[in-house]
Amino acid sequence: MTHDGRRLRGSRSREAILERTVSLASVEGLDGLSLGRLAAATGTSKSGFFAHWRDKEQLQLDAVEWAARQWTESVVAPALRAPAGVRRLFALHEARLKFYSDGVLPGGCFFFAVHAEFDDRPGPVHDRIARAMREWLKFVRRQVDEAVALGELAGSTDPAQLAYEIDALGEMVVPHSRLHEGQAVFAHARRAVLQRLRVLCPHPELLPED
């Protein structure tokens, strides 16, 4: 096998391991996943596994990066196809709900699972999770800012507050859908954001009726 072929195979193996790590972590968190268990779960030899990662912390950091990229591809990218303004903002919320309802991850959301593990544990993994979550909230706020600038949200709109509300309503779908509300929570979360936007939008015809 050529050097390029070995590199490609190694890259595919690494991606498969990270995909499996993020999937398992969405249910169990990152800290309880040992390198040995992940090697077994991905059908990778321990020697092959340790060729990619020598320590658990680096694997955790790489898993956060992989999860952030997955989120961008699955949630952000589809929303960006909607027209800028209030329609894109609502499309972002709907793309998030679709990510959860489609069961992309068995635990619903990687970041929901891991932030509870690391919020009180200073260190590189804590910092990387926090950065990913800040970047997401900043992105939501930019969509609010743009909608205000386009005149599709009232000038009195508080962008930070609205971004926080949209994020919170999306996040709560994860535990509620599993603990007590089931599929109904998706309709509730969609309707809650839609109604909030319709109140603030001078042109409510840009948004769905329900």
S.K.: How close do L150 and A84 get, heavy atom to heavy atom, and via which atoms?
M.R.: CD1-O, 3.5 Å
S.K.: Which heavy-atom pair separates Q70 from V22 by the least distance, and what is that distance?
M.R.: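 Taking every non-hydrogen atom into account, OE1-CG1, 4.1 Å.
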S.K.: Rounded to the nearest 0.5 Å, what separates atom CG in D62 from atom CZ in R14?
M.R.: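 Atom-to-atom, D62:CG and R14:CZ are 4.5 Å apart.
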S.K.: Test side-chain contact (heavy atoms from CB on, under 4.5 Å) on V185 and M172 and set out the steps.
M.R.: CA-CA 9 Å; V185 69; M172 283 299 98; over 6 Å; no
S.K.: Please check if L80 and L197 belong to a single hydrophobic cluster, counting links between Ile, Leu, Val, Met, Phe, Trp and Tyr side chain heavy atoms closer than 4.5 Å.
M.R.: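 The answer is yes; both residues are in one hydrophobic cluster.
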S.K.: Report the C-alpha separation of K56 and D31 in whole Å, then their side-chain angles, then the decisive distance to 0.1 Å, and conclude whether the side-chain contact (heavy atoms from CB on, under 4.5 Å) test is met.
M.R.: CA-CA 9 Å; K56 188 174 180 177; D31 210 37; 4.1 Å; yes
S.K.: Is there a donor-acceptor pair under 3.5 Å between the side chain of S23 and the backbone N or O of E19?
M.R.: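 Checked: no pair found.
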S.K.: What about F118 and H115, are their ring centers closer than 6.0 Å?
M.R.: no
S.K.: Nearest 0.5 angstrom please: Y164 OH to D158 CG, how far?
M.R.: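 Atom-to-atom, Y164:OH and D158:CG are 13.0 Å apart.
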S.K.: Measure the acute angle between the ring planes of H180 and H176, then classify it against the limits of 30° and 60° as parallel, tilted or perpendicular.
M.R.: tilted
S.K.: Is Q195 close to V199 at the side-chain level, that is, under 4.5 Å between some pair of heavy atoms?
M.R.: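 Heavy-atom side-chain distance check fails, nothing below 4.5 Å.
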S.K.: Drop me the distance from L206's CG to L89's CG, to the nearest 0.5 angstrom.
M.R.: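 With rounding to 0.5 Å, CG (L206) is 12.0 Å from CG (L89).
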S.K.: Would you please test C109 and Y100 for side-chain contact (heavy atoms from CB on, under 4.5 Å) and show each step?
M.R.: CA-CA 7 Å; C109 183; Y100 296 152; 3.6 Å; yes
S.K.: Using the salt bridge (Lys or Arg N to Asp or Glu O under 4.0 Å) rule, take E15 and R69 through it: C-alpha gap first, then chi angles, then the decisive distance, then the call.
M.R.: CA-CA 12 Å; E15 289 290 299; R69 191 178 79 212; 2.4 Å; yes
S.K.: Should L92 and F139 count as side-chain neighbours, where that means a heavy-atom distance under 4.5 Å?
M.R.: yes
S.K.: If you apply the rule side-chain contact (heavy atoms from CB on, under 4.5 Å), what do you find for R96 with W136, and how did you get there?
M.R.: CA-CA 12 Å; R96 180 183 196 168; W136 161 250; 3.8 Å; yes
S.K.: Taking all atoms of both residues into account, what is the closest heavy-atom pair of V125 and E57, and its distance?
M.R.: CG2-CG, 3.9 Å
S.K.: Would you mind checking if E94 and K98 are paired as a salt bridge, meaning a charged N to carboxylate O distance below 4.0 Å?
M.R.: no
S.K.: Shortest non-hydrogen contact from C201 to P204?
M.R.: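 It is O-CD, 3.3 Å.
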S.K.: Could you check whether R141 pairs with E146 (Lys NZ or Arg NE/NH1/NH2 to Asp/Glu carboxylate O, under 4.0 Å)?
M.R.: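 Judged by the 4.0 Å cut-off on N to carboxylate O distance, R141 and E146 do not form a salt bridge.
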S.K.: Using every non-hydrogen atom in the two residues, find where V148 and G155 come nearest and quote the distance to one decimal.
M.R.: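 Of all heavy-atom pairs spanning V148 and G155, the closest is CG1-CA, 4.2 Å.
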S.K.: Assigning hydrophobic clusters by single linkage (Ile, Leu, Val, Met, Phe, Trp, Tyr; side-chain heavy-atom cutoff under 4.5 Å), is V114 placed with L137?
M.R.: no
S.K.: Mark yes or no for whether T157, through its side chain, and L153, through its backbone, hold a donor-acceptor pair below 3.5 Å.
M.R.: no
S.K.: Atom CG in L61, atom CG in D55: separation rounded to 0.5 Å?
M.R.: 8.5 Å
S.K.: So, for A189 and V173, which heavy atoms are closest and what is the spacing to 0.1 Å?
M.R.: CB-CG2, 3.4 Å
S.K.: Whether the side chain of E117 engages the backbone of L30 through a donor-acceptor N/O pair (distance < 3.5 Å, no angle test) should be reported.
M.R.: yes
S.K.: For the atom pair CD (E152) and CG (L200), what is the distance rounded to the nearest 0.5 Å?
M.R.: 13.0 Å
S.K.: Is it true that a side-chain atom of S26 and a backbone atom of F110 form a donor plus acceptor pair closer than 3.5 Å?
M.R.: no
S.K.: Could you give the distance from CZ (R198) to CD (E205), rounded to the nearest 0.5 Å?
M.R.: 8.5 Å
S.K.: Side chains of F186 and R190: closer than 4.5 Å at any heavy-atom pair?
M.R.: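 The answer is no; the side chains never approach within 4.5 Å.
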S.K.: Assert yes or no for the condition that the ring centre distance of F99 to W71 is strictly below 6.0 Å.
M.R.: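 When the ring centroids of F99 and W71 are compared, they turn out to be within the sub-6.0 Å range.
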